[in-house]
Amino acid sequence: MNKVNHQRRKLMEDKYPFAEIEYKWQKYWEQHKIYEVEKDSSKEKYYVLEMFPYPSATLHVGHTRPYSITDVIARFKLLQGFNVLHPVGYDSFGMPAEISAFERSMHPATWTYQCIDNIRAQFKRLGFSYDWRREIITCEPSYYRWNQWFFLKFYEKGLAYRKKTPANWCSKCETVLANEQVIDGQCWRCNTKVEQKNLEQWFLSITSYAERLLDTSNLKEWPERVLLMQKNWIGRSEGVEIKFKIKNEELPVFTTRPDTIFGATYVVLSPEHPLVNNIIHLSKSRGLIKKFVEKAKSKDMTIATILDMEKEGIWTGFYAVNPVNNEKIPIWVANYVLTEYGTGAIMAVPTHDQRDFEFAKKYGLPMRIVIQKQTSDSKLQNVEEMTQSYEGEGVLVNSGQFNGLENKQAIDKIGIWMEQQGIGERKVYYKLRDWCISRQRYWGTPIPIVYCEKCGIVAVPENDLPVKLPKKITITRKGQSPLAYVEEFVNCTCPKCRGRARRETDTMDTFVCSSWYFLRYTSINSEKVPFNLEDVNYWMPVEQYVGGVEHAILHLLYARFFNKFLKDIGMVNNEEPFTNLLVHGMVIKDGAKMSKSKGNVVSPDEIIERYGADVLRLFMLFAAPPQPDLEWSDEGIEGANRFLNRVWRLVKQVVESEKCGGQENQRILRKLHHTIKKVTEDIERFHFNTAIASIMELINTVQQSSPIRKEILETIVLLLSPFVPHICEEMWESMGNKPSIFNQSWPKYNPELIKEEETLIIIQVNGRVRDKMLVPSGISEEDVRKMVLNREKVRKWTGGKTIENIIFIPDKLINIVV
RNA sequence: GCCGGAGUGGCGGAAUGGCAGACGCGUUGGACUCAAAAUCCAAUGUCCGUAAGGGCUUGAGGGUUCGACUCCCUCCUCCGGCACCA
């Protein structure tokens, strides 16, 4: 009795008590384990996941948007009867934490766990439907030991290797970065200009998977632009590696244009090409060449400098022989040839390559046209008149037996011919480089390798894992991993010979953690394996992945690579981890991304304090579709708040008036079923804003009719529940139903009810709307014609004119052309 | 430079070949109130007109179509990706 009175009193209030309600239902969900799932082969599974957060100190409303989106999908699928896996965790290793902690004289672990507690509390206040038992914290040994284990698997297969090479060095983060982590020549985290440093690094051979990563046939709903970005990043080129001769040595060059081989007038080596050292050694002008090479090597390769950079080079004094015509052509060294791509050397065809053209002009090198543009005036191009290279199509000239061939056909023909002659080999090159995973930082997964004086590089045996990160650490900034100064860590015994050995002190890139976390969620408690096959194969792949576009290449490419590798070693069944991908926009304020430095941060805590989590969620889902950026609006928040209060009062009114039965109102019922259809379809295509709009419309209609049937309101509450779960649970219960609303099933529309008996026909004259008329549905063209032509408004526009044509679209429109 | 995406009222946005501007915000007027807040009702693209009504209107221009925000071509602006990849 007391309980009922209490509830009544609460309902008397105009404003709904969001704080009380939200707390109540969060506790209820937890106690009743509403969102805990187990694998269940009798049910269809649905795995929905948002990229897990990196725990940082300042959280703004922008961070809560993607998780709100994912939560709608999870709850919708739950109501539809799917067995829904919706987990969360924290990507908790990494440089920013180490740097932040260092600045505060804290241990990175202390700092990280503080941030995690913060985010977790926020997620809980927002009422997300996570299975909290599956929470992952990647900096825990129980997790990162498997990073090490996977590393060993890669190593066993020869896909993890150590190499000394120029690496991207960020002086602020004091570590190297993978190519993917250099944006516009700057560090992706701190925007420091990246330098090149020659260092020994560990690599994972992602290039071995280049071809398979290009195959996107298993990626169903991925945004076109993300697929394109990945494709461009992998950068596949088919071409021929042609063997030029230098005395007794071979100089292979790679070209995608073998059709232009007869136009090669010189070859160019990159400054770091291995032959350059020999040349310096043998050359008369070794001083000059050496000077040039050193200057070229020291250039920083930021975007601005590359664009402005003048092409520079120097003749070596040596010649190479073009194998197709035995022509002797000069060998140059120049700064415009990349060491890392192809063979680090090119054949230069100035007439048909703009870069070679510019270079040849500058140094007065010879040119020869080998592709003639086919023009109507039959005027041939000639070298003297060229102001730029000709890279278009044409017919081969000056090309021996290939003269007269279309260059497009010549590409294949010459390639095949070269293979037959043994002077070239058709090859595929990629822009993609192997993934550099070494980081000279403390806060990461130790690479499980030791260096033994006798045995060399030795992998730590599986049974000795994890190689634990030492707790005691002094974070100094000396350009080396801080682990190198921890004696107890570094000094160890060789697992093979038991002799003295030193541990690898670099740690792994954090992207290793995020490359398989989605697999661990399925099987959180496995201790002997990273995940067990039964679980992983029940839950994988992720049906719906949600995340920001900043990971279009980084995380999404690494994770796909990992998954393919794991498939190859028999640990997962699927080629791809994420079937569908939704890329969401940011929350911006005053036209800019929210950031502490810009001072435009809106804290979710403040909004929750004032309006509650449901209002915050509703606003973000209603203001725009998920994909574009969303402009924050204080007025918009007010609007969301007003709407929820309106629904609340409506429910209150119906619950209080005992006569909530009322008569079946056909109009309302029809509208309701239309709305069920629309909301269902809109959620399925992620148009949450229009789904909510149609519920608002329905509420507006319902509000104006009386009496209101309780069943109608119950359905509305169900439709709203994926968006604003707390208030819906409360309303559901207050209407006399048993919680939780999430044990209900999603409403289905009745197709009979949404069939309209009457439709509004638009009447156009010459394509302009002149009249409208209500007619029975399914009416024939003949009938409509008769009715329309006699209408006064229609005659006004057709009077005295001959009717040329009539277009009729059933149940929609009639257009009279005069 | 190359490759993508976007451009619609005062604002967020809706409509993917058939009533442009749903829904929300804002604004204005009204009701309630001693008053305010809250709430409710009404109006709200723009121009002409007292009105009825009509003209114009989806970045600009052209085209296809009975009919174009939607499809095609040219251009402009903004955002993103790539950066001498041979």
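This is a predicted model, so every value here is computed, not measured. Chain letters run A, B, ... following the sequence lines, proteins first and then strands; every chain starts at 1.
In this entry A20(B) has no Watson-Crick or G-U wobble partner, no candidate having both defining distances under 3.5 Å. Across all strands shown, C32(B) forms no Watson-Crick or G-U wobble pair with both distances under 3.5 Å. Taking a pair to require two hydrogen-bonding distances under 3.5 Å in either a Watson-Crick or a G-U wobble arrangement, A68(B) remains unpaired. Pair assignment for G9(B) gives none, since no Watson-Crick or G-U wobble pairing has each distance under 3.5 Å. Base pairing of A15(B) is not made with any nucleotide, judged by Watson-Crick or G-U wobble geometry with both donor-acceptor distances under 3.5 Å. The base-pairing partner of G4(B), taking Watson-Crick or G-U wobble contacts with both distances under 3.5 Å, is C79(B). Shown here, U44(B) forms a base pair with G26(B); the pair counts as Watson-Crick or G-U wobble because both key distances fall under 3.5 Å.
Residue-level contact check: I553(A) touches neither bases nor backbone, having no heavy atom under 4.0 Å from any strand. Residue V337(A) is classed as a base contact, given a heavy-atom separation below 4.0 Å to a base. Heavy atoms of N700(A) sit under 4.0 angstrom from primed sugar atoms or phosphate atoms, though from no base atom. Note on N689(A): only backbone sugar-phosphate atoms sit closer than 4.0 angstrom, heavy atoms only; bases stay farther off. No contact: E631(A) has no heavy atom under 4.0 Å from any strand. Within 4.0 Å of E340(A), counting heavy atoms only, lies no atom of the nucleic acid at all. Counting any heavy atom pair closer than 4.0 Å across all strands shown, R770(A) reaches sugar-phosphate atoms only and no base atom. Residue contacts for G639(A): at a heavy-atom cut-off of 4.0 Å it reaches the sugar-phosphate backbone alone, with no base atom in range. When heavy atoms are screened at a 4.0 angstrom cut-off, T255(A) is found touching the sugar-phosphate backbone but no base atom. Here W797(A) lies in heavy-atom contact (under 4.0 Å) with sugar-phosphate atoms only.
Listed nucleotides: C40(B), G53(B), A83(B). Nearest to the side chain of K796(A): G53(B). Across G18(B), A22(B), U39(B), the shortest atom-to-atom separation from the side chain of R649(A) is found for U39(B). Which of G12(B), C82(B), A86(B) sits closest to the side chain of L338(A) comes down to A86(B). Comparing atom distances between the I762(A) side chain and each of C19(B), C84(B), G18(B) picks out C19(B) as nearest. Among the nucleotides G12(B), C84(B), C19(B), the one closest to the side chain of L760(A) is C19(B). In this structure, the nucleotide among G54(B), C3(B), U39(B) sitting nearest to the side chain of L228(A) is C3(B). Between C66(B), G26(B), C23(B), one nucleotide has an atom nearer to the side chain of E635(A) than all others, and that is G26(B). In the set G13(B), A22(B), A86(B), G13(B) carries the atom at the smallest distance from any side-chain atom of P625(A). The side chain of N815(A) lies closest to G18(B), out of C19(B), G18(B), A86(B).
Rounded to whole Å, the C1' atom of G5(B) lies 49 Å from the corresponding atom of A36(B). Rounded to a whole angstrom, the distance from the P atom of C79(B) to that of G17(B) is 31 Å. Look at the P atom in both A20(B) and U74(B): the space between them is 29 Å, to the nearest Å. Between U16(B) and C71(B), the two P atoms lie 12 Å apart (nearest whole Å). Taking atom P on both nucleotides, C25(B) is separated from G13(B) by 16 Å, rounded to a whole Å. Annotation: U77(B) and C66(B) have their C1' atoms spaced 34 Å apart (nearest Å). Between the P atoms of U33(B) and U57(B), the separation comes to 49 Å (whole Å). A distance of about 26 Å separates the P atoms of C82(B) and C75(B), rounded to the whole Å.
The residues E393(A) and K408(A) are annotated as salt-bridged, a charged nitrogen and a carboxylate oxygen being separated by less than 4.0 angstrom. Using a cut-off of 4.0 Å between Lys/Arg side-chain N and Asp/Glu carboxylate O, K362(A) and E358(A) are scored as not salt-bridged. A salt bridge is absent between E241(A) and R426(A); no separation between the charged side-chain nitrogens and carboxylate oxygens falls under 4.0 Å. Salt-bridge check for K427(A) with E238(A): failed, with every basic side-chain N at 4.0 Å or more from each acidic carboxylate O. A salt bridge between K677(A) and E681(A) is present, with a side-chain N of the basic residue lying under 4.0 Å from a carboxylate O of the acidic one.
Looking at L616(A) and T64(A), their side chains come closer than 4.5 Å, going by heavy atoms from C-beta outward.
An OP1 or OP2 oxygen of C23(B) is reached within less than 4.0 angstrom by no side-chain nitrogen or oxygen of R646(A). Here S237(A) reaches the OP1 or OP2 of A86(B): one of its side-chain N or O atoms lies under 4.0 Å away. OP1 or OP2 of A86(B) has at least one side-chain nitrogen or oxygen of Y341(A) nearer than 4.0 Å.
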Given T207(A) and D434(A), is the side chain to side chain donor-acceptor pair (under 3.5 Å) satisfied, shown in steps? CA-CA 6 Å; T207(A) 53; D434(A) 277 342; 2.6 Å; yes
For R791(A) and R770(A): C-alpha separation, side-chain torsions, deciding distance, then whether side chain to side chain contact (heavy atoms under 4.5 Å, CB included) applies. CA-CA 11 Å; R791(A) 288 172 81 89; R770(A) 296 304 181 185; over 6 Å; no
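Straight-line distance from the CE atom of M696(A) to the P atom of A14(B): 14 Å, rounded to whole Å. To the nearest angstrom, P of C40(B) lies 11 Å from CG of L650(A). The distance between atom CG of N805(A) and atom C1' of U65(B), rounded to the nearest whole Å, is 12 Å. Distance F622(A) CZ to G12(B) C1': 8 Å, rounded to the nearest Å. Between N232(A) atom CG and A83(B) atom P the separation is 10 Å, expressed in whole Å. Between the C1' atom of G24(B) and the CZ atom of R642(A) lies a distance of 9 Å, rounded to the nearest Å. Atom CD of Q704(A) and atom C1' of C41(B) are 10 Å apart (whole Å). For the pair R225(A) CZ and G5(B) C1', the computed distance is 7 Å after rounding to whole Å.
The base of C84(B) is paired with the side chain of K311(A) by a donor and an acceptor separated by under 3.5 Å.
Against the 90° criterion about 0, the sugar-base torsion of G9(B) places it in the syn range.
No side-chain donor-acceptor contact under 3.5 Å links E312(A) and Y336(A). S780(A) and E782(A) share no side-chain donor-acceptor pair at under 3.5 Å.
Where N766(A) and R685(A) each meet RNA chain B at their nearest nucleotide, the meeting point lying more 5' is that of R685(A).
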